[in-house]
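These numbers were taken from a predicted model, which means no experiment stands behind them. Just so it is clear: chains get the letters A, B, ... in the order the sequence lines come, proteins before strands, and each one is counted from 1.
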There are 2 protein chains.
Amino acid sequence: MTFISGQVLAVDGARCEHCSLHSRCLAMGLEGEQLAGFDALLKRPRPLKRGEALVHQGDRFSNLYAVRTGSLKQVQVHGDARDQVTHFYLPGELVGLDGIGSGECAGNVVALESTYVCELPFLQLEALMQDSHTLQHRLFRSMGEELRDHQRMMCLLSGRTADQRMASFLLGLSERFRLRGYSPACFYLSMSRGDIGSYLGLAIETVSRVLGRFQMRKLISIKGREVSLEAMESLQLMAAEGVGRHSGS
Amino acid sequence: MTFISGQVLAVDGARCEHCSLHSRCLAMGLEGEQLAGFDALLKRPRPLKRGEALVHQGDRFSNLYAVRTGSLKQVQVHGDARDQVTHFYLPGELVGLDGIGSGECAGNVVALESTYVCELPFLQLEALMQDSHTLQHRLFRSMGEELRDHQRMMCLLSGRTADQRMASFLLGLSERFRLRGYSPACFYLSMSRGDIGSYLGLAIETVSRVLGRFQMRKLISIKGREVSLEAMESLQLMAAEGVGRHSGS
DNA sequence: CGAGCCATTGAGACCGGTCAAGTTGGGTGG
DNA sequence: CCACCCAACTTGACCGGTCTCAATGGCTCG
């Protein structure tokens with residue numbers, strides 16, 4: 001009994017209100033029966049092994065997922081071998097919003113390491129939102145934020161140099177870790193160089209070279225997938241820096 | 001009286017249910033008092049002259065806008081002169097969704113020609129959604145579709161050649177016109193070459209060269225801003241075509 | 001008619017992709 | 001414990017697409 005509960009309950013039995021990510025979750029701000037309703041509709045954390053898929057591209061969309069621990073990538077497949085990473089998900093983030101439009105999952109979502117996610121049936125979520133203005137508002141906010149992030153990404157991909165893309169990427173991760181209470185200067189990259197390259201629109205060799213360059217200039221130090229940002233200001237400067245390409249008018 | 005009503009009423013006085021875009025609008029599927037509520041909350045079409053701004057980056061977000069006629073571009077400004085076009089809006093499309101997340105407008109939205117938009121106060125929209133599951137669902141769908149579009153765009157910008165980007169862009173416009181009942185083969189580009197270049201992450205000279213190349217190959221014919229797609233299959237082939245750059249594994 | 005914007009066209013440079021070897025490191029089996 | 005393998009990563013040389021700079025033509029508007 002205690003044997004079973006040991007590792008399972010720690011993650012599995014916790015109610016939303018006790019979740020360490022509560023403040024970053026959709027459920028934030030819910031109270032009383034609405035929180036209870038939310039608690040009731042979500043399926044308890046589901047474990048994924050590294051490399052295991054949460055959903056596949058083209059699957060019927062029916063759930064959102066909140067990342068509890070670990071991380072995932074979303075991969076868009078285009079006929080040929082032209083896979084493309086479109087998203088990385090960290091704890092507290094919501095997976096699947098892009099399926100709401102078409103009713104099917106927009107890409108394969110794959111765990112980058114051992115990962116737990118909470119499953120939120122969307123139909124029930126919609127129903128619950130009818131009673132909870134707060135929940136409705138929060139979900140709209142989440143989608144709006146994701147739209148904004150995508151726009152930033154589009155700006156990044158369009159007309160910025162490899163160095164600028166990488167600097168933005170590292171700073172973006174740093175910020176996301178900071179918000180979650182981890183060190184913003186020192187973290188582990190759960191994704192491969194290939195994933196990073198695909199995400200940033202760079203060849204894997206370029207990723208490697210840029211990271212090497214950064215290290216030489218003492219902007220970062222990196223060993224394998226353990227990275228630490230040594231000169232964040234310089235990175236910020238580089239990321240924001242004037243013109244990357246086509247200066248515009 | 002009739003003098004005034006002539007051009008104003010034609011656009012201004014129409015109820016939602018009589019709007020020619022009704023089937024592509026948020027209001028689609030609403031009936032009875034919910035349609036009336038929607039009708040009541042929206043401010044009647046507002047005219048914009050070419051080059052006039054609908055909202056400015058950083059403005060407090062408070063409305064969505066539905067394009068009635070004309071077209072607009074959204075421009076992201078980054079400190080320096082590095083403007084970047086992130087979106088083109090056609091009739092029936094919803095402007096401003098990306099402001100929901102942060103509470104402020106994500107970019108300047110500027111009319112590309114004489115344009116009418118309907119203004120939808122978001123607070124009232126949220127309230128109305130509490131009573132109308134249909135409306136709530138439709139707005140979520142709209143946001144989901146935009147997320148999806150953004151992902152497609154990210155894939156386009158990352159690792160596709162100039163030719164492929166341009167082909168996708170033209171086909172995308174074509175499809176959007178088709179859905180609105182216009183000719184998918186023959187249309188007017190309300191945006192400048194510079195806007196297209198900024199949107200596609202290409203230098204303006206490249207845009208010009210690619211279009212020239214397409215014309216030489218008899219894929220399109222273009223004179224100024226009037227374009228007609230002569231060989232859509234070839235364009236589709238080109239857009240989807242195997243590997244643009246970094247082939248991936 | 002000149003000013004100014006938009007678009008086209010050419011020549012040259014450079015960033016980043018591609019190809020091709022290495023190198024490292026973790027896991028497996030003898 | 002070592003040999004081996006495979007995947008991930010690094011490094012170098014070369015090449016090509018696209019940016020940049022510059023000059024020119026066409027259109028619109030004052």
Check whether any side-chain nitrogen or oxygen of B/R225 sits under 4.0 Å from OP1 or OP2 of C/dC6, and answer yes or no. no
Whole angstrom is fine here: how far is it from CD in B/Q164 over to P in C/dG17? 14 Å
Over how many whole Å does the gap from B/L200 atom CG to D/dG17 atom C1' extend? 16 Å
Report the nucleotide, chosen from C/dT18, C/dG16, D/dC9, that has the shortest atom-to-atom distance to any side-chain atom of A/S208. D/dC9
Rounded to whole angstrom units, what separation is found between the CG atom of B/L202 and the C1' atom of C/dA7? 16 Å
Nearest-Å distance, CE (A/M191) to C1' (D/dC9)? 16 Å
Of the listed C/dG16, D/dT20, D/dC9, the closest approach to the A/T161 side chain comes from C/dG16
Taken to the nearest whole Å, CZ/A/R160 to C1'/D/dT18 is 17 Å
Rounded to the Å, how far apart are B/K223 NZ and D/dG25 P? 18 Å
Consider only side-chain N and O atoms of B/Q74 and B/N108, and report whether a donor and an acceptor are under 3.5 Å apart. no
Distance alone, cut at 3.5 Å: any donor-acceptor contact between the side chains of B/E113 and B/T115? no
Is the side chain of A/R165 donor-acceptor paired with the backbone N or O of A/R160 at a distance under 3.5 Å, no angle test? yes
Can you work out whether B/G194 or A/T206 has the more 5'-proximal nearest nucleotide on DNA chain C? B/G194
Can you confirm whether the side chains of B/S102 and A/E145 place a donor and an acceptor under 3.5 Å from each other? no
If you find the nucleotide of DNA chain D closest to B/E205 and the one closest to B/R213, which residue's nucleotide is nearer the 5' end? B/R213
Base D/dG12 to side chain A/R209, donor-acceptor N/O within 3.5 Å cut-off: yes
Using atom CD1 of B/I204 as one end and atom C1' of D/dT18 as the other, report the distance to the nearest whole Å. 15 Å
Taking atom CZ of B/R50 as the centre, report whether more than 12 heavy atoms of other residues, nucleotides or ligands fall under 6.0 Å from it. no
If the cut-off is 4.0 Å, is B/R193 near the phosphate of C/dT8, judged by side-chain N/O to OP1 or OP2? yes
Rounded off to whole Å, could you give me the CZ-to-C1' distance for the B/R50 and C/dC5 pair? 10 Å
